[in-house]
Structure formats: structure tokens, C-alpha cells
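Comments concern the structure below.
Chain identifiers are assigned alphabetically (A, B, ...) following the order of the sequence lines, protein sequences preceding nucleic acid strands; residue numbering begins at 1 within each chain.
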There are 2 protein chains.
Amino acid sequence: MSGIRAQQKEKTRRLLIDAALSQLSAERSFSNLSLREVAKEAGLAATSFYRHFNDMDELGLTLVDEAGLTLRQLMRQARQRIEKGGSVIQISVLTFMEFIEANGNVFRLLLRERSGTSAEFRAAVNREIRYFTMELCDYLQKANKLDHETSYLQANAAVIIVFSAGAEALDSNKVEREELTMRTIKQLRFIARGAMDLHARKIAKLTENN
Amino acid sequence: MSGIRAQQKEKTRRLLIDAALSQLSAERSFSNLSLREVAKEAGLAATSFYRHFNDMDELGLTLVDEAGLTLRQLMRQARQRIEKGGSVIQISVLTFMEFIEANGNVFRLLLRERSGTSAEFRAAVNREIRYFTMELCDYLQKANKLDHETSYLQANAAVIIVFSAGAEALDSNKVEREELTMRTIKQLRFIARGAMDLHARKIAKLTENN
DNA sequence: TTTTTGAGTGTACACGTGTACACCATTCTA
DNA sequence: TAGAATGGTGTACACGTGTACACTCAAAAA
């Protein structure tokens, strides 16, 4: 029961996925990739594409899923580094920036499809970002002993700021990226400070009423 | 010297611009608009397009410019409302949200082209956003008596958060938008608080050293 | 072994695209 | 008023697109 056939199929499916990924760049978005080009890059006849995906959208959604996975691996990586000691914010931002540098095209895919023309794509990307945010929210809630609302607001704002910095980093040189990283860290500290403050007020109000 | 000819030309140029704008929607981005479609919508022969723009990119950059203008008018409108009294943050966010509701497609254009495939488009959009940020920065610096770095960091973060909220609002219903608005206001307060705090520390450090 | 299934191929088609070109009609210039 | 300039038109072309269809041939099922 080796399933030579299924095995081979999976292999060329990967070929298509990788072909699509490899064609993404600053100048080329998924939406202006053609089925024929992708098939060609994968070394297949155009019509063979249909043996694996119904259309380009299906391929695209697969890519978004994979990108989301990569993103979550990133979080785990960051947490490991944090456990070895160091500022949470600083390490998170540095890890993210390294991700951008190494996976620019994957990140670009997410950025672009988040505001793209397909509602399904937008929803898929937003789902991935939501997962990402939720993980951070849980972490903040436990680490800083915040209430849920506050930690969610903080996590949400932090993710937005970091993603935006990532987008800017894509068009920056090394010096600019370093400056950008510093700025982002400071902004995340603003947010953390504000969150702490709101939480403290909430507690104060509660005890005052009792 | 009425310039009947120049006048007529300007008129049909507007026709093209408006035709392009009117075709934008959640499902249709500028980059998948064709020259022929735009010309047709404007009631012109395809080839007449060239009498006004060298290519679609030139039209697109014009649209981005106009969008930026609209955005800055927005700021002035917000400032007028603020002068009549009320929370700066709240009024700014409300004004922005009203803008999104009324000019969804214009805002979508900016959002999309900011991460699009044309470096020139990206630069144009970022320039508009930078103007927007700078105006806010000046305002904050004067109103809150902050140093330049702090007020810039605050303005930059605030614009990012608000734009991101705008993007989310485009795919939301009325109830979700209201919840989103509340959340955004709170996040901006986080940032404001953090900025104040950093500024206070800076001052403390300075006086301590003297 | 024979039959069936299914991944991969090549051809063919209709369609939409950007744009070159020759042309017309009106406005501007001399 | 003669002639140049220019906005607008219609035709024509080569090109890339998605995909329907009929096919091959090796793996899986019978």
C-alpha cells in the first residue's frame, strides 16, 4: 500500500505551490500570476494544473494557509528566545524583522491579499492574523496579569504596528530598517504603558466601589 | 482666449478619472482595470485614452494624488469639529470613520496600492500618508507640548492604527463598525498615555542632569 | 491477466488586452 | 483665410489568457 500514485501526485502539487511562491516578488503579486505561468514554472502542461486545483484561487488560499503556519512558527521561535532572557518587546520585534528579511514574499502575499479583491482571501488572511493576535493576547494576559479586554486591545494594537513596520521594512535598506526597528520598539512600549495604566485604573475603580 | 479646446480636453480628462473611480469597488482594484474598460465607461474610443495619459499608471498616480487631497481636507474638517469642543481622539476617529463610509473606494485605492506591485505607486501613497502624519505630528507637538521625537512616534502610531481600523471597517457592518470605533479610540488613548509618559521621563532625566 | 482509473499531454478555441496607424473634424495660429 | 495642430474615431494586429476536449500510458482494482 505504498500508494505510488498518491505520492507522485502530492509531489507535483508541491511543485505547483513552490512555483507560485517563487514567482512572487515586489513587482509580482499573486493576483497577476497566471495559471499558465505557474504550470510552466512547475514544468507541467497548463492543463495539468486542474488535476490539483480547480482554479488559481484555490492555490492562493493554500498559500495563505501555509503563510499563516509560518507566522505561527515564528511566535514559538520568539518565545523560545524570550525564555532565554531579554526584553519581550525587543526580542519579538527583532524576530519579526528577521522573518520579513527571510520571507519577504510570503509576508507580501499576506499584506496584499488582506486588502485584495477576493472576500475569501481577505477573510483567510484576517483569520491567520487573528490567530496570531490571540496567541499574543493570551501571553500578555498571563505575563502581565491584565484583564482580558486590556490585553486584547494591547495585542491587537501591537500586531497592527508590527505588521505595518514589516510592510515598511520591505521597501527599506538596512540602515532604514534598523531605525524602523527602534521606532517600532518605542511605539510598542507606548502601548504597553497605556495598557498597564488603563488596567490600574480599572482595578482602582473596582476597589473604590467596594 | 477662452481656450475652448483646452477646456474640452480638461472635461474629458475628468471623465476618464471619474470613470476609473466609479469602477473601483471591493471586488475591483485599480490594477485589474483595463484601459479599454475605463475609456468605454467614459464614453470614449479606447485609443482616445492616449490623448490624456500615456498609460494606466499615469491615470492611477493621478487618482492617488486626488485621494491624498481628500484625505487632507478630512484633517481640516476634523480640526474644525475639535475647535467646537470635544475629545480630540474621539472626534478624529469619528471623522475618519465617516470618511471611510463615504469614500470607501478612494480609501481602498490607497490601501491596495500601498502594498501593490508598482514601486512608484507605493511611494506615492506613502508620501500622502507621510503628509497626513506630519500634520498630525505638528498638531500634537503644539497641543500637548511634546518634544518632536515623541510626538512623531505618537502621530505615526496613531495613523497606523486608524488606517488599519479603516481597512477593517470596509468589511464590517454597522454594529461591528461601532465596536471597532470604540476599540480604536481606546488604543489611541494607550498610545497618548505612553507618549506623555516617555516625554515626562525625558524631562526628568534632563533636569536631574543639571 | 484484464479492465478501469487518473495524472499528465497537446491542440484548439474564443476572448480581452495594449497599441500602431490612418483618418476625420474642429479649433487655433499666422 | 490658408494651414497647422490636436482631440477623437475605427480598424487591425499580435499576444496571453482560461479551459474544453481527445489523447496516452502507468498504477490500481478486478
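Remark: A/E58 does not engage A/R13 in a salt bridge, criterion side-chain N to carboxylate O under 4.0 Å. Classification of B/R130 and A/E168 as a salt-bridged pair fails, no side-chain N sitting under 4.0 Å from a carboxylate O.
Between B/L44 atom CG and D/dG10 atom C1' there is a gap of 14 Å when expressed in whole angstrom units. B/L33 has its CG atom 13 Å from the C1' atom of C/dT17, to the nearest Å. Between the CD atom of A/E58 and the C1' atom of D/dG18 there is a distance of 16 Å, rounded to whole Å. Spacing between atom CZ of A/F49 and atom P of D/dT17 amounts to 13 Å, rounded to whole angstrom units. Between A/E37 atom CD and D/dT17 atom P the separation is 5 Å, expressed in whole Å. Rounded to whole Å, atom P of C/dG10 lies 13 Å from atom NZ of A/K40. The interatomic distance linking B/Q8 (CD) with C/dT27 (P) rounds to 9 Å, in whole Å.
Contact of the B/R183 side chain with the A/Y152 side chain is registered, since non-hydrogen atoms from C-beta on lie closer than 4.5 Å.
How far CD1 of B/I100 is from OG of B/S172: 11.0 Å, rounded to the nearest 0.5 Å.
Counting any heavy atom pair closer than 4.0 Å across all strands shown, A/S34 reaches sugar-phosphate atoms only and no base atom.
Open room surrounds CD on A/E120; 12 or fewer heavy atoms of other groups in view lie less than 6.0 Å from it. Annotation for B/K202: atom NZ counts as buried by contact number, over 12 foreign heavy atoms lying within 6.0 Å.
Residue order along DNA chain C, read from the 5' end via each residue's closest nucleotide, puts A/A45 first among A/A45 and B/M56.
Of the possible donor and acceptor atoms, one in the side chain of A/R112 sits under 3.5 Å from a partner among the backbone N and O of B/S115. B/Q154 places no side-chain N or O within 3.5 Å of a backbone atom of B/I191 that could act as its donor or acceptor partner. Listed for the B/N144 side chain is no donor-acceptor partner under 3.5 Å among the backbone atoms of B/L146.
Between B/S48 and D/dG7, a side-chain N or O to OP1/OP2 separation shorter than 4.0 Å is absent.
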N/O-N/O pairs, protein side and nucleotides 19-23 of chain D side, under 3.5 Å:
residue : atom : partner : partner atom : Å
D/dT19  : OP2  : A/Y50   : OH           : 2.8
D/dT19  : O5'  : A/Y50   : OH           : 3.3
D/dT19  : O4   : A/R36   : NH1          : 3.1

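Sorted by residue number, the members of residues 9-18 of chain A with any non-hydrogen atom under 4.0 Å from DNA chain C read A/K9, A/T12.
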